[in-house]
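Note sheet for the following structure.
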Amino acid sequence: MIILDGKKTSNDLKDEIAEAVKIRRSQSLKTPHLAAILVGTDGASMTYVNSKVKACEKVGFNSTLIDLPEDTTEEQLLNEIEDLNKDNDIDGFIVQLPLPKHIDEQKVLMAVDPNKDVDGFHPVNVGKMALDMPTFLPATPYGILELLDRYNVETSGKNVVVIGRSHIVGRPMSILLSQKRKVGNATVTVAHSRTKNLKELCLHADIIIAALGMPEFLTGDMVKDGVTIIDVGITRVNDSSKKRGYRLAGDVDFESVSKKADFITPVPGGVGPMTIAMLLKNTLLACEIRD
Ligand code: GUN
């Protein structure tokens, strides 16, 4: 069994990005600048956004964190987005999701300039992604492709089951893996809460992407020997034995599934760090396009 080490791979990627920034500087080219908007005080979102800002520092990017209160109106948020769209120093930006309930997420994502949409969430970029046109790939699926690539996990002709159909992970992941691309050419099944024969589907899968957000959902009896497991889940589960009062759990029961898997991502240290590295890669690309 081989651990798909997202921490190490993301550090390799960050080293490569830092090198590219150094070269840009030596050529008097612009330093990439990523901005992130966070609305409210959701604990997990605050952790993610802070990790993104810290990663910018590590690779030599400039970063801006726009921290807005929970009661920010939709109009105020749209104004902030417009400012970032117009700001010539900002190469790319993200609006951390989820947003408070009183804000229309679709309206917000549509307001982001597609050329600065380094999350790849704008409908124009989702459309380009689906049509195999060059664009910003959403960071989590992009990170999974990169991890599979760097560990030479064969996807061509393989049966993939993606559990979860979210706009951020499951849906784009299923599209990308079915495409004619280096890490692709797979036969993909998208499973979700209405799927009836999930265990049967999983038992036939060569690769399972678990992205449903239910801690330790996928268990050893649901997978075949030699399977590749990508665990996208990261849920805070109450744990009084931990100093901070919780532990981080994936969607996969690592203990039982790892006994059967050839390749498996850990949680934490798997998909999460890759997501951040790919966001940086997209920001570098956005900056290069604007040169
Ligand atoms: N919330 C969970 N994942 C993501 C992501 O990749 N980008 C943004 N903006 N919000 C998220």
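Numbers here simply count residues along the sequence, with the first being 1. Whatever order the structure lists ligands and atoms in, that order sets their numbers, starting from 1.
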**Q.** Side-chain donor-acceptor pair present, Arg290, Asn88, cut-off under 3.5 Å
**A.** yes

Q: Using only heavy-atom distances, determine whether the side chains of Thr219 and Ser256 contain a donor-acceptor pair under 3.5 Å.
A: no

Subject >> Side chains of Lys158 and Asn185, donor plus acceptor under 3.5 Å >> reply: no

When distances are taken from atom 1 (N) of ligand 1, the protein heavy atom at minimum range is Leu97 O, 2.9 Å

Worksheet item: Are any of the N or O atoms of Gln96 closer than 3.5 Å to those of ligand 1?
Response: yes

Does ligand 1 have an atom under 4.0 Å from some heavy atom of Tyr48? no

Ranking Leu38, Leu279, Asp119 by closest non-hydrogen atom to atom 6 (O) of ligand 1, top hit is Asp119

Near Val95 (heavy-atom distance under 4.0 Å), the atoms of ligand 1 are 8 (C), 9 (N)

In terms of hydrophobic clustering (I, L, V, M, F, W, Y; side-chain heavy atoms under 4.5 Å; direct or indirect links), are Ile234 and Tyr246 co-clustered? yes

* **Polar side-chain atom of Asp117 near backbone of Gly120 as donor-acceptor pair, under 3.5 Å** => yes

